[in-house]
Participant: 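A single structure is presented below for examination.
All values below come from the heavy atoms of this structure, side chains included, with hydrogens, waters and symmetry mates left out. Heads up: numbering here begins at 1 and tracks the sequence. Just so you know, these numbers come straight off a predicted model, no measurement behind them.
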Amino acid sequence: MDNQYNHQGNSYQQNSPYQQGNPYQQGSPYQQGNPYQQGSPYQQGNSCQQGNPYGGNGYGNYNGSSEPQKAPNVFLQFAYSFVPPLYDRLMKVKTAGMIGFVTLLVLVATLLSFASVMVSLSSIDMEKVAADLPDFALAGGRLYMEEEFLFDEGNVFVYMTDEIDSFTYEDAEMMADEGYQNILLVGQDGLSIMQNWEYQQLDFSDLGNDFEISREWIATKMVPFIKVVVGLAYIVYFLWRILWYFLCAAVYLLFAMIIASVMKKQVPGESLFRTAVYGKVLMFVIAAFLDLIPFVDLSVPFLLRVVVTIVFMGFAIAKLPDNRPTPAPMTMGQGWY
């Protein structure tokens with residue numbers, strides 16, 4: 001017969017407070033819910049989690065915020081493009097917004113350049129120029145003259161002859177190197193114009209066989225005609241500048257990929273391309289500004305443009321988040337024994 005201590009239970013088994021429920025088993029504050037289990041400010045949501053104005057955790061949680069940050073507008077895009085550490089905000093700009101920004105940037109630069117050329121053309125006294133012109137005729141798409149003509153006054157240089165078929169950019173550039181801002185070179189088959197280093201060329205054959213001009217036409221209609229020609233040329237020039245901007249950005253994308261590889265960062269190709277697009281803004285603005293300065297022959301060296309743009313991209317890529325997947329956390333039984 002088993003003893004009473006094994007079958008019936010001794011007093012410590014039947015009625016001991018450790019079987020019926022001591023305060024630690026029945027309802028201790030640690031089981032029922034102490035302030036740390038029921039609703040501590042760290043579980044229910046402290047001020048940094050519930051209502052942080054920066055969105056979620058007090059440290060700028062862009063993923064968990066109820067109101068994601070909006071993409072910067074065109075003015076902020078322009079401002080941020082000068083500060084590479086802020087390029088992460090430019091990554092939120094949609095492709096259409098980025099294209100619109102570049103288009104507007106190029107448009108403003110082109111309009112300013114066009115306005116500068118128009119002012120220069122308006123300052124030329126064509127009646128005075130025509131008064132010194134020899135007799136000539138332009139008919140059937142060709143120029144006919146009895147003798148060559150040369151006008152050289154101030155920053156204006158005009159040369160006309162029917163002994164040369166046409167002039168080239170190099171000819172106009174040579175005169176611009178000597179300090180001339182308004183250059184008109186007329187040959188038998190066409191004319192070349194350079195205004196503040198902006199070059200345009202016109203072939204007389206494009207005017208049609210019925211188009212004829214004379215010295216009187218120069219005095220009264222030359223400047224309006226040139227303005228129309230320059231205006232049409234600037235439209236083509238504007239479209240070309242947009243295309244050229246993105247083509248250069250595509251080349252800079254290769255440098256961006258190399259920079260990311262050296263930094264051992266995984267950044268999407270789209271983000272790298274955006275760093276190239278916005279990284280070009282500084283040198284583009286400086287070059288456009290220098291072109292508008294009258295009587296000053298300044299330009300940004302090509303190598304300097306490349307170096308500055310690459311440096312901007314390097315600082316920007318260093319601040320962009322790394323998209324490499326986070327290693328899975330180690331659990332019990334994995335790597336512990």
Side-chain angles (χ1 to χ4, degrees), residues 106 109-130 132-134 136 138 141-145 147-207 211 213 215 217-219 221-241 244 284 287-302 305:
V106 174
T110 305
L111 288 178
L112 291 176
S113 177
F114 177 74
S116 176
V117 172
M118 291 297 102
V119 171
S120 298
L121 285 175
S122 300
S123 64
I124 300 176
D125 188 354
M126 294 306 298
E127 291 185 0
K128 182 178 180 180
V129 173
D132 297 329
L133 287 176
F136 72 96
L138 177 59
R142 297 179 70 86
L143 175 69
Y144 302 94
M145 300 183 64
E147 60 182 3
E148 66 180 16
F149 169 76
L150 175 64
F151 177 84
D152 184 357
E153 182 176 321
N155 65 347
V156 179
F157 182 86
V158 179
Y159 179 65
M160 301 175 62
T161 180
D162 60 354
E163 297 181 359
I164 298 176
D165 292 337
S166 61
F167 293 92
T168 63
Y169 174 83
E170 287 73 18
D171 298 323
E173 183 183 32
M174 180 177 62
M175 303 310 302
D177 289 337
E178 296 184 8
Y180 295 101
Q181 298 293 323
N182 304 287
I183 303 167
L184 174 63
L185 304 176
V186 184
Q188 189 178 48
D189 297 330
L191 60 85
S192 298
I193 304 173
M194 179 172 283
Q195 300 281 333
N196 296 325
W197 289 91
E198 296 291 342
Y199 178 77
Q200 308 294 333
Q201 185 171 353
L202 172 67
D203 294 331
F204 294 143
S205 60
D206 296 336
L207 301 177
F211 184 81
I213 63 173
R215 184 169 59 180
W217 187 92
I218 293 291
K221 300 180 180 180
M222 183 66 175
V223 171
F225 172 75
I226 294 178
K227 288 182 178 180
V228 173
V229 173
V230 172
L232 295 176
Y234 261 92
I235 294 176
V236 178
Y237 179 56
F238 163 66
L239 298 175
W240 167 248
R241 292 182 81 178
W244 182 249
F284 180 87
F289 176 76
L290 292 178
D291 289 340
L292 297 176
I293 301 178
F295 311 112
V296 177
D297 181 17
L298 293 176
S299 60
V300 182
F302 174 75
R305 294 188 184 191

Participant: For the CG atom of L202 and the CZ atom of F225, what is their distance to the nearest 0.5 Å?
Facilitator: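 So the gap between those two atoms works out to 5.0 Å.
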Participant: Drop me the distance from N196's CG to D291's CG, to the nearest 0.5 angstrom.
Facilitator: 8.5 Å
Participant: Run M175 and M194 through side chain to side chain contact (heavy atoms under 4.5 Å, CB included) and show every step you take.
Facilitator: CA-CA 9 Å; M175 303 310 302; M194 179 172 283; over 6 Å; no
Participant: Return the CG to CG distance between L143 and D165, rounded to the nearest 0.5 Å.
Facilitator: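 Rounded to the nearest 0.5 Å, the CG-CG separation comes to 11.5 Å.
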Participant: Residues in side-chain contact (heavy atoms from CB on, under 4.5 Å) with F289, at least two apart?
Facilitator: I293
Participant: So, the side chain of D171 versus the backbone of T168: is there a donor-acceptor pair under 3.5 Å, distance only?
Facilitator: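 Yes, because the side chain of D171 sits within donor-acceptor range (under 3.5 Å) of the backbone of T168.
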Participant: For I183 and Q195, work out which heavy atoms get closest and say how close.
Facilitator: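 So the minimum-distance heavy-atom pair works out to N-NE2, 4.5 Å.
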Participant: Drop me the distance from F114's CZ to K227's NZ, to the nearest 0.5 angstrom.
Facilitator: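 So the CZ of F114 and the NZ of K227 are separated by 8.5 Å.
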Participant: Hey, could you give me the CD1/CD1 distance between I226 and I193, rounded to the nearest 0.5 Å?
Facilitator: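 With rounding to 0.5 Å, CD1 (I226) is 4.0 Å from CD1 (I193).
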Participant: Looking only at heavy atoms, which two atoms of S120 and N182 are closest? And how far apart?
Facilitator: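 Shortest heavy-atom separation between S120 and N182 comes out as CB-OD1, 3.4 Å.
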Participant: Apply side-chain hydrogen bond (donor to acceptor under 3.5 Å, both in side chains) to E153 and list each qualifying residue two or more places apart in sequence or on a separate chain.
Facilitator: K128
Participant: Heavy atoms only: give me the nearest Y180-D152 pair and the separation to one decimal.
Facilitator: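 Smallest interatomic distance, heavy atoms only, reads OH-OD2, 2.6 Å.
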Participant: May I ask you to decide if S166's main-chain N or O and D189's side chain share a donor-acceptor pair within less than 3.5 Å?
Facilitator: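 Side chain of D189 to backbone of S166, a donor-acceptor pair under 3.5 Å: no, none is there.
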Participant: If you round to the nearest 0.5 Å, how far is CD of Q188 from CG of L138?
Facilitator: 10.5 Å
Participant: Look at the aromatic rings of Y237 and Y234 and report parallel, tilted or perpendicular, splitting at 30° and 60°.
Facilitator: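 Rings of Y237 and Y234: perpendicular, over 60°.
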Participant: Could you go step by step and tell me if W197 and L290 meet the side chain to side chain contact (heavy atoms under 4.5 Å, CB included) rule?
Facilitator: CA-CA 11 Å; W197 289 91; L290 292 178; over 6 Å; no
Participant: Within a radius of less than 6.0 Å around CD of E173, do more than 12 heavy atoms belonging to other residues, nucleotides or ligands occur?
Facilitator: yes
Participant: Can you classify the ring geometry of F167 versus Y159 as parallel (below 30°), tilted (30 to 60°) or perpendicular (above 60°)?
Facilitator: perpendicular
Participant: Which pair of non-hydrogen atoms, one from E198 and one from S113, has the smallest distance, and what is that distance?
Facilitator: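 Closest heavy-atom pair between E198 and S113: OE2-OG, 3.5 Å.
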Participant: So, using side-chain hydrogen bond (donor to acceptor under 3.5 Å, both in side chains) as the criterion, who are the partners of Y199 when residues are at least two apart?
Facilitator: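 Once residues adjacent in sequence are excluded, the partners of Y199 under the side-chain hydrogen bond (donor to acceptor under 3.5 Å, both in side chains) criterion are S192, Q201.
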Participant: Tell me whether E170 at atom CD has more than 12 heavy atoms from other residues, nucleotides or ligands lying less than 6.0 Å away.
Facilitator: yes
Participant: Does any non-hydrogen side-chain atom of R241 lie less than 4.5 Å from one of T110?
Facilitator: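 T110 reaches R241 side chain to side chain.
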Participant: Do you know which two heavy atoms are closest between L292 and S116, and how far apart they sit?
Facilitator: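 Taking every non-hydrogen atom into account, CD2-CB, 4.3 Å.
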